[in-house]
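Note that these values count all heavy atoms, side chains included, but never hydrogens, waters or copies made by symmetry. For ligands, and for the atoms within them, numbers begin at 1 and follow the listed sequence.
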Amino acid sequence: MKVNANPLHTIEKALKLPPAVRAQAYATATASANTAPTCTVPPPWRPSNVLDDWVARESRPISLRQLSFFGRTLTEPRLLESANYVRLELPTRIAHRLRNMQTLPYTALTNEHISHCYELYYGAFERFRKVPEVRNLDDNDKYCKVLKQTLNEHLSVIPRLAMGVLEIQDTIGPDQSDLLMKTLLRSRISRRVIAEQHLALTETFHSPWHFPTAKKPPSSPEDEFVGEIFLKCNAKEIIEKCAATATALAAKAYGPDVAIPNIVLQGHLDTTFPYIPSHIEYIIGELLRNSIQAVIEQRGLAKPPPIEVLICEAAQHIIIRISDQGGGIDRSVLPYLWSFAKGPRRHRRLENLATVPRLKATMQELQPDAAQQHSSGEKYGSSLSSLSSRPPELRLGMGLPMSKIYAEYWAGSLELHSLEGYGCDAFLQISRLGNKNEVLTTRASMDA
Ligand code: COI
């Protein structure tokens, strides 16, 4: 479907028009844009003075180390301080993204998926900005309810955004579509991190073992958690857990006659580092799933060669290398590995995405009450949501680009080297000290 350039270039222009003219302009724009199936209801434009005030504020990025030091000695004033940080930070971060979206061409913003997300974000912005200062624990409980409800409502954001950027790339070009998706996703992770961290701290504060007078169970996993952050993520345990889930999924998808490659670990097997388990599990789960799939599809029923995972602990970083002999990556796909918008099979991806109304991209999204999971003694999630919440054969084209965003979020990196005809080496690098700020900006220019 070809979408023509729109005579109304930006929402800013539309905002300056009186309602009757705007409606006429909208009708003309949608008619000329040939977007009938996706461009249905004009988004309700709103005056942007309030938004301007919030856009003028700068976000205050934080590091894993700051988050964990802050939450380690949890007192009531600290919990309230955390609530008020989140209370001001969420509308600020959303306001910046709303402003990005408002600068999209008219036909892009009126795409049904993009405008669905814009509406959700505007609703959340309005709700969050009106929350009064959190002065006591009752206020905090009310605020936590608002947070939980909004987190839940936003589960539809990822598949809708992914469909939106695939559909609007004829209007804004694939590079801008990609930039938009990456900017919005990174920002979404950042908002969910601070919201979920505050919810988890609140849960900890109310739990029986929090008070110094209470007797703690000996070496309980709660000692190692500060909110959502697990101070001693063990690389080996995480890889084994992801391997078990990815293997079980492959067995289900390919049936009992297909041999599944073993996953062999080597290197510094005792390595631990502070991290948010759901983030690392997402990345490793996706990488292993890709490797298993490649090996099975390349080798068929024959005895498959193992997938080798090497853990390397350096002074500043942990490096995890995943090597498979799955034949490498097709040359036609290689240039688009990290892209949400570019590459072949766009229509197939759109069809697949349409079957996933809510995508659970992290552990918390599967189990919003993550603290419950900690208190039940689980160090890591009881299942891998990104992998298990959708059929394994469903290819959304999002696993690798999304994993890269997660890896870079805490100042790490993800690279992939394809050895044509032989296999692939994926290199995941994690900052070991947790002292790097969350990376809120996307290279290029979209961020404020
Ligand atoms: C999102 O999940 O899309 C968010 O913006 C998070 C926010 C509701 C806390």
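- Taking the charged nitrogens against the carboxylate oxygens, R78 and E81 have no contact shorter than 4.0 Å, which rules out a salt bridge.
- Both tests pass for R191 against the ring of Y121: distance under 6.0 Å to the centre and angle within 45° of the axis.
- The ligand atoms of ligand 1 that sit less than 4.0 angstrom from a heavy atom of R191 are 3 (O), 4 (C), 5 (O), 6 (C).
- Near R192, with a cut-off below 4.0 Å to any heavy atom, the atoms of ligand 1 are 1 (C), 2 (O), 6 (C).
- A donor-acceptor contact closer than 3.5 angstrom is absent between the side chains of Q169 and S177.
- Under 3.5 Å, the side chains of Y406 and R186 contain no donor-acceptor pair of N or O atoms.
- For ligand 1, none of its N or O atoms has an N or O atom of T150 under 3.5 Å away.
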